[in-house]
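Small disclaimer: the values here were computed from a predicted structure and weren't measured. A, B, ... follow the sequence lines: proteins, then strands. Residue 1 opens every chain.
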Amino acid sequence: MARTFLLQPDEAAPSRLTLDYAGDLNAQQHAAATTGPGAVLVLAGAGTGKTRTLVYRVAYLVETGTPPEEIVLLTFTRRAAREMLGRASALLDGRCERVQGGTFHAFCAQILRRFAPCLGLPHGFTLLDASDAADVLDLLRTRAGLDKTAKRFPKKGTLQSVVSAARNKDADVAETLAERYPHFATHAEAVAEIAAAYAVYKRDHGLVDYDDLLLLTLQLFDEHPEVKALVASGIRHVLVDEYQDTNPAQARLVEAFASVHGNAMAVGDDAQSIYRFRGADFANIFGFPERFPGARLLKLEENYRSTQPVLDLANRLLAQATRRYDKTLFTTQKPTGERPAVVAARDDRTEARFVVQMILQQREAGVPLARMAVLFRSAFHSFELELELARRGVPFVKFGGMKLAEAAHIKDVVAHLKLAENPRDAPAWLRVLQLLPGIGARTADGIAAWTTGGSTEPYTLPENAPKLRKHVHRLEALMALLRALQAPGLSVVQQVEAVLAYYAPILKDRYAEDFPKREQDLEHFAGLADGFRSRAAFVEALALDPIELTALNVEAEVHDEPPLVLSTVHSAKGLEFDTVFVIHLLDGYLPSAYALASADDLDEELRLLYVAATRAETNLFLSYPVAQYRRFAGDVLTKPSRFLAPLGPDVLEPMQLVETSAPPLPPPTTPALPRPPRTLKPVSPLPSGDADANLPF
DNA sequence: CAGACTTTACTTTTT
DNA sequence: GTAAAGTCTG
């Protein structure tokens, strides 16, 4: 252990606080926001003002003399970081704007860009998102000839999830495979080989996947203590939100970030841990005091969000868990309210009609659409509801599910941009080349071998490429495009437009049936590029901050009224709404069919429902269809979620749907809902455009 | 070896 | 309804 010497600040810290911390916060929140230096663990139940506390904590640190750029706020999504820093800045006249904020992944990406050469990585390394990684694995599988085995071999998506899970848990690939996909256990050896080949391939081509962002940063710190010291000395305070959803690598990163100044604050709630599938371990929360000996433990207990009846239901839900949570949510602010209701609808359609009609009724009663949310386990559970909403002209945004950056046509365009950025990006070459008629996997692999081999000038064809004669014209056009993208002074939007012009005929050809829809996506996409200073920043933001496709579509339209929110429970984390509907509460949906076999998995599903329920401030409706039409089975009777059974009428009021014989007349008091306008406006840019600004060192 | 065509299985949650 | 895998033809 090195000796420490305490440097004094050059200027005296401002002595007077401008915010009324004691007045704006309750006693527990105040204690957390204004606590002294050192390690602090804040256990904060749902709705206890965790965000508010963190916002005031940031403001307090800044007011007491910590330079904003030396504070790092790590959150689960960039959206969360943006919101908190925005609020803190508003409190302090913008003085918090330079606070570092974002996800672990984004923050690590910044560090790695800076110190890439220490690890033998190129500065311009390419980030692989999950589906890029899957594509690489697919290529390696084909190369190894494993795509034609007698027994079914895991496909690329499965491979990717196994390889990633193994790395996240620091476990053996073969074991992870046997555990998660027992039916593939016979292929354990081959999968382990592919995983090894994948690591080599990434290294050879300067590729970095999500897991690498965390693990390479740790490796960087291990191998170069001087880099670790440099980074950590620039981090006066590190604050971590949603600590229950961090994995062991992230816990180690926090320790490293705080290794000089020792100021780490972790905030979380073990009852809201819902990312186990991704390697998160709520045990991290309880490991915090061991990692930081002498850490203080603070609690936020009083709930400010929900009415007591909503909390009663949430408490009763949690009591079902196999694991004991010593947690009882209570409020003194909102002691009374409607009991949450459970609705057994006849079928999907009826459930959707109920939800929409109740939403319209609430809206009439004065609840804005945007203060209501419909939550579900999986993105596709809302299909029927989306139809019904469209039918009734109710505007909505949907979070979760398909990401813009994952749509094939978007990936095509992005691949061109990636190539313009990094001519050695082999996966991008493969993708781009295979768009050309007459070029398939084999030919593309051959061409990519020389384009990424480094022996030729980038973006030029070799003098006498023997087998390319047939394709020379098309390849020339591609190279011309890539060279054109290098022109100095070309804005990111102009570059996207250049790619789109090149890509348009390919799009029409490949997606003959639905190309107008995809063309529209691409127009939105071009709009997103606006506001980015560099192509590199744009491409990186797309990988680190994926935009939900459906959210984008609706945001692009001008609304007179902010839309209703549809969201997966996962994506609704940290949000709150006046009225919440949780739909499709069926065994096999929530809890998911995948979780039924293990008690730990079931517990996580239960926590998921707990998170969903605690989003509600005033009204909570749980619903499910009694019968469903399923493709092969026809009409089936469903099984209500097992989590509902223990909830008696004292906490959950059954509500029966009765059809009226005549359709109700439209209530004259209802103002007409805004007609969804058709005009396309350029959508707002990703607010995270300057990922590379303000490094803390 | 590419691509059109047919068959099959598969549908969690996300950085 | 979609995407991947399998089959056949030029």
Separation of A:Q272 atom CD from B:dT13 atom C1', in whole Å? 16 Å
So if I take residues 376-383 of chain A and measure heavy-atom distances to DNA chain B, which residues fall below 4.0 Å? A:R377, A:S378, A:A379
Give the dot-bracket line for DNA chain C from 5' end to 3' end: parentheses for intra-strand Watson-Crick or G-U pairs under 3.5 Å, square brackets for crossings, | for inter-strand pairing, dots for unpaired. .|||||||||
Please report, rounded to the nearest Å, how far the P atom of B:dC1 is from the CG atom of A:D445. 10 Å
Distance in angstrom units between A:K398 NZ and B:dT12 P, rounded: 13 Å
Please work out if A:F76 contacts a base, only the sugar-phosphate, or nothing of the nucleic acid, heavy-atom cut-off 4.0 Å. sugar-phosphate
A:L566 CG to B:dT13 P: how many Å, rounded? 14 Å
Between A:P437 and A:A130, just flag the one whose closest nucleotide in DNA chain B comes earlier from the 5' side. A:P437
Using a heavy-atom cut-off of 4.0 Å across all strands, would you classify A:F104 as base, sugar-phosphate, or nothing? nothing
Listed by chain and number, what are the ring-ring contact (aromatic ring centres under 6.0 Å, His included) partners of A:Y589, not counting sequence neighbours? A:H381, A:H584
Whichever of A:T568 and A:L436 has its nearest DNA chain B nucleotide further upstream toward 5': A:L436
Between A:S571 and B:dT14, does any side-chain N or O lie under 4.0 Å from OP1 or OP2? yes
With sequence neighbours left out, what residues match A:N247 under side-chain hydrogen bond (donor to acceptor under 3.5 Å, both in side chains)? A:N168
Quick check, does A:F277 stack with B:dT13? I mean ring centres under 5.5 Å and planes off by under 30°. yes
For atom P, what is the distance between B:dT13 and C:dA4, given to the nearest Å? 16 Å
Listed by chain and number, what are the ring-ring contact (aromatic ring centres under 6.0 Å, His included) partners of A:F581, not counting sequence neighbours? A:F621
In whole angstrom, give me the gap between the C1' atoms of C:dA5 and B:dT12. 23 Å
Atom NE2 of A:H409 and atom P of C:dT2: how far apart are they, to the nearest Å? 13 Å
Set of side-chain hydrogen bond (donor to acceptor under 3.5 Å, both in side chains) partners for A:D425, sequence neighbours left out: A:T126
Pairs meeting criterion salt bridge (charged side-chain N to carboxylate O under 4.0 Å, His left out) with involvement of residues 431-441 of chain A, two or more places apart: A:D135-A:R431, A:D412-A:R431
For A:L74 and B:dT15, what is the distance between atoms CG and C1' respectively, to the nearest whole Å? 13 Å
Tell me if the centroids of the rings in A:F525 and A:H409 come within less than 6.0 Å of each other. no
Would you please name every residue forming a side-chain hydrogen bond (donor to acceptor under 3.5 Å, both in side chains) with A:R252, sequence neighbours left out? none
If I take atom CZ in residue A:R278 and atom C1' in nucleotide B:dT15, what distance separates them, rounded to the nearest angstrom? 5 Å
Applying ring pair (Phe, Tyr, Trp, His ring centres under 6.0 Å) to A:Y243 and A:F282, what does each step give before you reach the verdict? CA-CA 8 Å; A:Y243 197 75; A:F282 63 75; over 10 Å; no
Does B:dT12 have a Watson-Crick or wobble mate here (both distances under 3.5 Å), and if so which one? none
When the aromatic ring centroids of A:F107 and A:F257 are compared, is their separation below 6.0 Å? yes
Within the structure shown, what part of the strands sits under 4.0 Å from A:I439 by heavy-atom distance: base, sugar-phosphate, or nothing? sugar-phosphate
Quick one: A:K156 NZ to C:dA4 C1', roughly how many Å, whole number? 8 Å
side-chain hydrogen bond (donor to acceptor under 3.5 Å, both in side chains) involving A:R607 - partner list, sequence neighbours excluded: A:Y325, A:E604
